[in-house]
There are 2 protein chains.
Amino acid sequence: MKKFNKKVTIVDIAKELGVSTAMVSMVLSGNGRKHRISNKASLKVIETARRLGYNPNLLARALRTGKTGVLGLIIADISNPFFAILARLIENEASRYGYDVMFASSDERAEKFTALGNAFLTKQVDGLIIVPVVESENIISEWQSRGIPIVSIDRYFSSLSVPYAVTDNFDASFQILKYITKRGYKKIAFVAKNTNLSNFAERENGFTAGAKHLNLKSEQYTVFKLDHFNREPGIDNLIKHILNNKFDIIFFSQNMIGIQGLSTLNKLNVSIPNEMAVISFDDSAAFEFNKPGITCFEQPLDQLAKKTLNYLIDMIDDRPGKNKDNEKFKGRLIIRESC
Amino acid sequence: MKKFNKKVTIVDIAKELGVSTAMVSMVLSGNGRKHRISNKASLKVIETARRLGYNPNLLARALRTGKTGVLGLIIADISNPFFAILARLIENEASRYGYDVMFASSDERAEKFTALGNAFLTKQVDGLIIVPVVESENIISEWQSRGIPIVSIDRYFSSLSVPYAVTDNFDASFQILKYITKRGYKKIAFVAKNTNLSNFAERENGFTAGAKHLNLKSEQYTVFKLDHFNREPGIDNLIKHILNNKFDIIFFSQNMIGIQGLSTLNKLNVSIPNEMAVISFDDSAAFEFNKPGITCFEQPLDQLAKKTLNYLIDMIDDRPGKNKDNEKFKGRLIIRESC
DNA sequence: TTGTATGCGTTATCAT
DNA sequence: ATGATAACGCATACAA
């Protein structure tokens, strides 16, 4: 593809006006006043720039200043609606601060996560927003020690001092459990992921701690764990097992697990909530449109996105500690008919 | 944030080995063989680079070569699952070619679309993948005349010669209509968007042309149009109108329209398919989990993504016409219980 | 086979 | 208030 009009640079403008590129640069980068460029000179420059169709080469500027105006976003999978919505909110916030964002999906794999982050850094992104994956502490720590501005969202590692914005998952599970018991259910199946990622671990801890706090007997609740990577189709069997063991409610600990579990229940023609009640973390179109609608816990994604960018921009602009450097946000129950 | 280890550059490596930066550059950019650098020299350079922890500054390279290795993706809204899935497929394909992608959501607004594209171009993306919006012909045409590699996906403008990969929407509607009539439905409400964007227009054309081809009488089908931007909540009223006028099936022309319409039908406790049958363009979790499941038409998104990147990479690498420069792909019906 | 020198477009330091 | 010029890190035409 040939470029027809070769690009016009500050040199062209300087030549056209018989002034120095220094002056042109100063006014065009918005530092005219700071350098006390006269008003008429400024205006002339601006006018000529427009007339010639000047566009700054942000690449050159970035090379000089060290700032690209681009953020790297690593989530688990952009095609998962949970992350898609999160990405949209992050996009909006980033844009408010004048940043563009490059995204990529880690598929929960540490090697891919590492490669993606390194690729972004080689491209000189100004900062990283990450959804950390299993076994990613070391690389994150390395990035941080290199001075990369980095914030994690949705999950965090307590062993690291990386700022984060996450849902208060412990409290969330506790809330859900209280609701379940208030509704009178007596034997609860908590379907979890077999992983120690903070978000899932705290959901489980919130559940078990809540059970103790509410004086539930051990026969009244069980925690089942599914493979984190969804490599085995274990959910069908698990659901059957739960059905066969007189549980009266299933508490799904996540979006995708809930959707899959629901799909299984539907296939088996289980009547909800009569034969089995259901409640799940995260909302989803599937939950809204299932009949009956599935009661669920909605995370405060907008707050997570806002706070994440707050932190990140502060780090990029060298204002550490202007904001408290991590926070957990409360979500809310969406009551429907399944529980 | 302070960077502790100042970055190591090819200069450092050259100094360390007492060779020229030219040589280092050649081997490190993978052009060692081309320039006939000796094997031992190459190995020494590579080893030292690794030892010193060298990372190429892609910004500098880009400034020099004019290629950033970044693609700009402008879709309507990343939080819409349709586009989220598309984005994921595009991400995968881009990665196969070694590209990263910056994304942004146009919200179907021409001004935003324009601003986003220009911002990406100022950042020197190597190419643009766009879902064109209403009134965007001019700016697209301008980009193209500037020699920007650009491919449109999902929709296209026949007035432009921009390569595209889209679903054969005309054929799709025809297929759906044939299925509807084969199933014996007699009075069809086609719920469309009031826009002349190619994808929606061709769905409508396929529908009306199909109706004529199948010798349907004009009383047997009606096209209803909703505001493209969803500014008015007209769908509730429209659904009621359709119910009151003895249609026996609704054909939703799109994802979001189908979901909203379904929501309304559910609120009104309409029994599907007895009181009203339903079929929709695009699949969705809502369609899968609704009871009854909604029959729908699935677009071949993977093929669209693949072809889009084929075209784009060929343009970037200056191989115009290696591929046929636009194509329409067939999708398929997913039969469920609603029709 | 390797080195020299220059430029990509911009910003920023020092002069004047 | 403005100009000259050296960087930023890399790639490449031309020499040797």
Side-chain angles (χ1 to χ4, degrees), chain A residues 3 5-46 48-49 52-70 121-126, chain B residues 3 5-46 48-49 52-70 121-126:
Chain A
K3 320 265 169 179
N5 327 336
K6 59 187 69 175
K7 324 204 163 175
V8 6
T9 74
I10 54 171
V11 177
D12 300 315
I13 299 177
K15 234 179 265 174
E16 178 89 4
L17 274 87
V19 301
S20 75
T21 60
M23 215 196 77
V24 176
S25 167
M26 286 165 177
V27 351
L28 255 29
S29 57
N31 296 12
R33 290 215 71 75
K34 201 173 74 188
H35 289 268
R36 300 188 290 206
I37 306 292
S38 73
N39 253 330
K40 3 177 188 180
S42 292
L43 287 177
K44 266 202 173 327
V45 168
I46 290 169
T48 319
L52 265 40
Y54 170 75
N55 273 107
N57 184 327
L58 262 35
L59 225 52
R61 177 176 296 172
L63 179 60
R64 190 55 234 255
T65 61
K67 303 191 57 344
T68 53
V70 178
L121 292 175
T122 305
K123 291 221 162 117
Q124 315 289 122
V125 295
D126 292 337
Chain B
K3 321 265 172 180
N5 328 336
K6 59 187 67 175
K7 325 202 163 174
V8 6
T9 74
I10 54 171
V11 177
D12 300 315
I13 300 177
K15 233 178 265 173
E16 179 90 4
L17 276 94
V19 302
S20 76
T21 61
M23 213 196 78
V24 176
S25 168
M26 287 164 178
V27 352
L28 255 28
S29 58
N31 296 13
R33 290 217 71 75
K34 201 173 75 187
H35 290 269
R36 299 190 291 208
I37 307 291
S38 73
N39 253 329
K40 3 179 185 177
S42 292
L43 287 177
K44 266 201 173 325
V45 168
I46 291 170
T48 319
L52 264 41
Y54 170 74
N55 273 107
N57 184 327
L58 262 34
L59 222 53
R61 178 178 293 172
L63 180 60
R64 187 57 234 260
T65 62
K67 303 190 60 340
T68 52
V70 179
L121 292 175
T122 305
K123 292 221 163 119
Q124 316 288 119
V125 295
D126 291 338

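Naming: A, B, ... by sequence-line order, numbering from 1 per chain.
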Using side-chain heavy atoms (C-beta onward) and a distance below 4.5 Å, is Leu28(B) in contact with Ile13(B)?
yes
Main chain of Thr21(B), side chain of Ser25(B): is a donor-acceptor contact present, judged purely on distance under 3.5 Å?
no
Can Leu58(B) and Thr68(B) be said to form a side-chain contact (heavy atoms from CB on, under 4.5 Å), step by step?
CA-CA 7 Å; Leu58(B) 262 34; Thr68(B) 52; over 6 Å; no
Just wondering, do Arg61(B) and Asn57(B) contact through their side chains at under 4.5 Å, heavy atoms?
no
Nearest 0.5 Å, please: how far is OG1 in Thr48(A) from OH in Tyr54(A)?
12.5 Å
How does protein reach along nucleotides 4-11 of chain D, written 5' to 3' as B (base within reach of a heavy atom under 4.0 Å), S (only sugar-phosphate), or - (no contact)?
BBBBBBBB
Among residues 32-46 of chain B, which residues get a heavy atom nearer than 4.0 Å to DNA chain D?
none
Can you tell me how far apart NZ (Lys7(A)) and CG (Asn55(A)) are? Round to the nearest 0.5 Å.
8.5 Å
Does any non-hydrogen side-chain atom of Lys123(B) lie less than 4.5 Å from one of Val70(A)?
yes
Could you pull out the closest heavy-atom pair between Ala62(A) and Leu59(B), with the gap in Å?
CB-CD2, 3.4 Å
Report the distance from atom CD of Gln124(B) to atom P of dC8(C), rounded to the nearest whole Å.
14 Å
Can you check the Met23(A) CE to dT13(C) P distance for me, whole Å?
19 Å
